[in-house]
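Everything on this sheet refers to the single structure shown next.
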Amino acid sequence: MLAVRFESLLDQTLAELRAGALLREPDDGSARRSVAAAAERLGSELLDASSNDYLGFAAGSVSRETSASAGAAASRLIHGSTVEHLRLEQELASWVGAESALLFSSTYAANVGLISALGVKGSVILSDSANHASLIDGARLSKAEARVVPHLDLSALSEALEAQRGARACWVVTESYFSMDGDGPDLAAMRALCDRHDACLIVDEAHALGVFGPAGGGRCAEAGVKADILVGALGKAVGTHGGFVAGSERLRTFLWNKARSFVFSTAPSPRLADLSRVHVQLAREADARRAALASNSAQLRAELRAAGLPLAPNAFGPIVSVILGENERVLSAAERLRAVGILAQAVRPPTVPIGAARLRLTVKATFTPTEIARLSRAVSEACAS
Ligand SMILES: Cc1ncc(COP(=O)(O)O)c(C=O)c1O
């Protein structure tokens with residue numbers, strides 16, 4: 001009886017998703033193979049405009065001999081840190097100009113652990129309406145009062161900061177480069193507002209690290225702004241896997257004790273930590289790739305704009321979203337692109353607001369100008385009807 005109820009619950013949920021063109025079919029790898037086959041038939045290469053491997057380091061990893069253990073075997077509170085964890089954390093802290101860093105098994109885990117631990121009773125979280133699910137989930141798990149601030153709206157933020165006077169603490173939470181819109185806040189203005197109201201600025205640089213700023217140190221570094229707490233990702237431009245929180249030594253000790261996704265989870269693989277440190281060094285030194293990425297992004301944006309496509313306003317950098325609105329329209333555009341050997345992500349609610357479904361294109365440093373031209377032509381054709 002229970003099993004029947006369970007099956008019908010799954011069926012009903014999946015049917016609802018299907019009816020709204022919101023069902024994601026689990027991928028068995030065949031989609032990618034068929035896109036590669038389509039490209040080959042047309043005598044071209046598969047063009048992947050769907051991953052976050054902005055600098056091309058995930059696809060073309062370094063080979064690294066190491067004696068580091070494959071698994072950490074327990075959480076760090078139980079089994080201790082390895083030299084690979086500590087060295088990676090030093091490298092990350094130095095990259096973003098922080099006193100210290102703490103490694104998490106993913107950036108999702110970092111955000112959930114960080115925000116839920118900081119959001120003590122009596123504190124207020126002011127969160128941009130386009131913030132990533134992991135920041136939202138952290139706020140939901142916290143005991144703080146969470147208020148959503150309209151996307152990039154500094155005057156709304158200023159009002160919300162006025163209204164939180166008397167709270168035990170106030171956390172202003174934003175991404176520095178929004179993963180679905182490809183836009184970003186005025187970080188200097190946010191810093192000034194936080195200083196005026198004794199609030200703490202928390203910046204998720206997941207999509208900005210490696211891409212913007214001197215040595216790829218992110219948008220805070222680019223703007224000369226010091227976030228109180230910076231979150232970074234290793235699974236995007238760095239090209240490996242994991243996430244981290246950077247800030248003061250005191251913050252690190254706080255998280256070591258209070259971030260439940262750190263305390264109650266097996267530490268990341270030491271072997272992976274060793275590889276990640278090498279990848280971070282590569283990303284820091286990748287000025288030539290960053291320049292290629294910037295010029296490729298500008299070329300794609302200019303060509304799509306010239307073709308009259310509805311691009312996200314105020315966007316910049318390698319995330320180029322073509323906002324088509326309806327779920328079915330985005331799905332069929334992505335399907336048409338696959339037929340010509342191009343992988344592009346159809347992004348639908350709940351990842352983006354209802355009615356704002358989009359084709360999310362991610363530019364890579366490794367694309368050639370000819371490939372960008374092929375991409376923009378194909379996207380224009382796929383979105384035409
Ligand atoms: C802004 C932001 N933060 C955090 C994450 C989670 O990163 P991870 O894949 O390392 O868990 C993402 C992932 O897409 C993201 O876009």
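When a ligand or atom number is given, it counts from 1 through the structure's own listing order. Worth knowing before you read on, the calculation uses all heavy atoms, side chains too, and leaves out hydrogens, waters and symmetry mates.
Look at S134 and you'll find a heavy atom under 4.0 Å from some atom of ligand 1. Heavy-atom separations between H241 and ligand 1 are all 4.0 Å or longer.
Each of the following atoms of ligand 1 lies closer than 4.0 Å to a heavy atom of S179: 16 (O). Residue Y108 approaches ligand 1 through these ligand atoms, each under 4.0 Å from one of its heavy atoms: 6 (C), 7 (O), 8 (P), 11 (O). Residue E175 approaches ligand 1 through these ligand atoms, each under 4.0 Å from one of its heavy atoms: 1 (C). Those atoms of ligand 1 with a heavy atom of N111 less than 4.0 angstrom away are 3 (N), 4 (C). Atoms of ligand 1 found under 4.0 Å from any heavy atom of A206 (numbered from 1 in listed order, with element): 1 (C), 2 (C), 3 (N).
In summary, D274 and R271 do not engage in a salt bridge, as defined by a charged side-chain N under 4.0 Å from a carboxylate O. Remark: R252 engages E89 in a salt bridge, criterion side-chain N to carboxylate O under 4.0 Å.
Under the 3.5 Å distance criterion, with hydrogens and angles disregarded, a donor-acceptor pair is assigned to the side chains of H85 and T82. Side-chain atoms of S248 and E99 include no donor-acceptor pair closer than 3.5 Å.
Here the heavy atom of the protein found nearest to atom 16 (O) of ligand 1 is H207 NE2, 2.7 Å. In this structure, atom 15 (C) of ligand 1 lies nearest to the protein heavy atom H132 CD2, 3.3 Å. Scanning the protein heavy atoms around atom 9 (O) of ligand 1, the nearest turns out to be K236 NZ, 3.8 Å.
By the 30° and 60° cut-offs, the orientation of the rings of F262 relative to W256 is tilted.
Annotation for Q281: atom CD counts as buried by contact number, over 12 foreign heavy atoms lying within 6.0 Å.
Using modelled atom types, one side-chain atom of Q164 and one backbone atom of L161 make a donor-acceptor pair closer than 3.5 Å.
When T107, D204, L135 are ranked by how near their heavy atoms come to atom 3 (N) of ligand 1, first place goes to D204.
For the side-chain contact (heavy atoms from CB on, under 4.5 Å) test with L230, the passing option among L201, L92, V96, I202 is V96; the others fail.
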